Amino acid sequence: MAIAAKVLGSIIKYGFDYDPIIETSLLGLYGELGCITNARKMFDNIPVRDSVSWNWIISSYVDKAGELTLVRRCASLWLKRIVHLCEDTVHLEKGKWLHHKLIMYGVEKDLYIETALTDMYAKSGDLQTAEGVFRSTSEKSVVSWSTMIFGHEMHGCIDAAITIFNQMVELGIKPNHITFMNILSACCHSGSVEQGKFYCDLMKDFGIEPDSEHFACTVDLLSHPGDISGA
């Protein structure tokens, strides 16, 4: 411990702690020494965090009294950033790496994390894995269902998107504005005018007032067969 402290002191003294490789190494060393506060401070100061730095901070928390709540918090924060970049194959691989870690540490059963994972896989086109994560989610929210509908609509699986929407309604889950936007968009892309009209009218049954995006999508839908008057 004393030797490690001297090494750390020298690194900081000569300004090498601002090097990305050194920073990640210091993070790992703090974690190994059980200095969680220092490890977290170092982690927060790293400008660009890669899979190695995330691995170190998660492992540090797990090794320190098995604080899985903190692990979940770290995982959630990273997933929140990853889902916006999930079309990138490199980031998808990082997402898969984190998913594997979550399973290893037993923290996968969390609604936010599972929904984020479903979104990540769906947007990247891995609908089979997205479906698997979604179906394994014990308590599905309207966000979970909307995510699946959007993912299938996004990749041209219109019939699947409509089927998922119908299943959602049958199970008593109330669609929201986003859900209806996704299903209307699916009908629009497939040219399913009558189905689109049906879902547009269905919004009233759920007490949802169409906004400008819903109207724009409906106009686009009704314009498909060339019926401008209907639009």
Side-chain angles (χ1 to χ4, degrees), residues 49-52 54-55 58-59 62 68 71-192 195-196 198-199 202 213 217 221:
R49 304 176 187 119
D50 58 12
S51 59
V52 177
W54 278 99
N55 191 20
I58 290 174
S59 298
V62 170
L68 296 181
V71 176
R72 183 181 287 113
R73 187 183 304 167
C74 289
S76 298
L77 288 172
W78 198 59
L79 273 171
K80 190 174 183 179
R81 297 181 62 191
I82 282 297
V83 292
H84 297 295
L85 300 169
C86 60
E87 296 89 351
D88 190 314
T89 304
V90 175
H91 288 91
L92 176 61
E93 289 305 311
K94 289 182 178 180
K96 289 181 177 179
W97 169 86
L98 181 56
H99 189 189
H100 173 69
K101 290 295 182 183
L102 293 174
I103 295 173
M104 283 180 59
Y105 296 141
V107 295
E108 184 188 3
K109 297 301 179 182
D110 176 281
L111 181 59
Y112 172 79
I113 291 179
E114 290 185 316
T115 301
L117 286 169
T118 300
D119 190 36
M120 180 186 72
Y121 285 118
K123 284 183 178 178
S124 69
D126 190 350
L127 297 177
Q128 184 174 358
T129 303
E131 181 82 17
V133 175
F134 173 73
R135 295 301 175 189
S136 68
T137 304
S138 56
E139 186 178 347
K140 302 174 183 66
S141 68
V142 63
V143 178
S144 308
W145 287 94
S146 299
T147 296
M148 284 298 292
I149 294 169
F150 176 74
H152 283 80
E153 179 270 323
M154 178 183 182
H155 294 285
C157 303
I158 309 304
D159 290 340
I162 292 174
T163 297
I164 293 170
F165 179 92
N166 293 337
Q167 289 176 348
M168 172 186 175
V169 173
E170 290 172 3
L171 290 172
I173 307 296
K174 182 181 177 181
N176 59 19
H177 284 78
I178 295 175
T179 314
F180 274 106
M181 188 64 234
N182 292 342
I183 197 64
L184 286 173
S185 180
C187 293
C188 183
H189 289 161
S190 64
S192 305
Q195 280 185 307
F198 169 77
Y199 291 121
L202 190 63
E213 288 186 310
C217 190
L221 173 69

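Since this is a predicted model, take the numbers as computed values, not measurements.
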Q: Please round to the nearest 0.5 Å and tell me the distance separating atom OG1 of T147 and atom OH of Y121.
A: 15.0 Å
Q: Shortest non-hydrogen contact from C188 to L221?
A: CA-CD1, 3.6 Å
Q: Using only atom types and a distance under 3.5 Å, with no angle test, would you say the side chain of S185 pairs donor to acceptor with the backbone of N182?
A: no
Q: Hey, what do you get for CD1 (I149) to CD (Q167), rounding to the nearest 0.5 Å?
A: 9.5 Å
Q: Do you know the tightest heavy-atom contact between L127 and G151?
A: CD2-O, 3.8 Å
Q: State, to 0.1 Å, how close T118 and M148 come at their nearest heavy-atom pair, and which atoms those are.
A: CG2-SD, 3.4 Å
Q: Search all heavy atoms of P175 against all heavy atoms of M168 and return the closest pair with its distance.
A: CA-CE, 3.5 Å
Q: Where is the tightest heavy-atom contact between I173 and K140, given as atom of each residue plus distance?
A: CD1-O, 4.4 Å
Q: Nearest 0.5 Å, please: how far is CD1 in I164 from CD in E153?
A: 11.5 Å
Q: How would you list, by chain and number, every residue that makes a side chain to side chain donor-acceptor pair (under 3.5 Å) with T163, sequence neighbours excluded?
A: none
Q: Do you know the tightest heavy-atom contact between K174 and V142?
A: O-CG2, 3.4 Å
Q: So, the side chain of H155 versus the backbone of K123: is there a donor-acceptor pair under 3.5 Å, distance only?
A: yes
Q: Taking atom CD1 of I178 as the centre, does the number of heavy atoms from other residues, nucleotides or ligands within less than 6.0 Å exceed 12?
A: no
Q: Going by the rule side chain to side chain donor-acceptor pair (under 3.5 Å), which residues pair with T179 if we only count those two or more places apart in sequence or in a different chain?
A: S146, N176
Q: For S192, which residues count as a side-chain contact (heavy atoms from CB on, under 4.5 Å) partner, sequence neighbours excluded?
A: C187, S190, Q195
Q: Below 4.5 Å, heavy atoms only, C-beta onward: do M181 and C217 meet side chain to side chain?
A: yes
Q: So, for W145 and F134, is the gap between ring centers shorter than 6.0 Å?
A: yes
Q: What distance do H152 atom NE2 and I158 atom CD1 have between them, rounded to the nearest 0.5 Å?
A: 10.5 Å
Q: Carefully, step by step, assess S141 and S144 under the rule side chain to side chain donor-acceptor pair (under 3.5 Å).
A: CA-CA 5 Å; S141 68; S144 308; 3.3 Å; yes
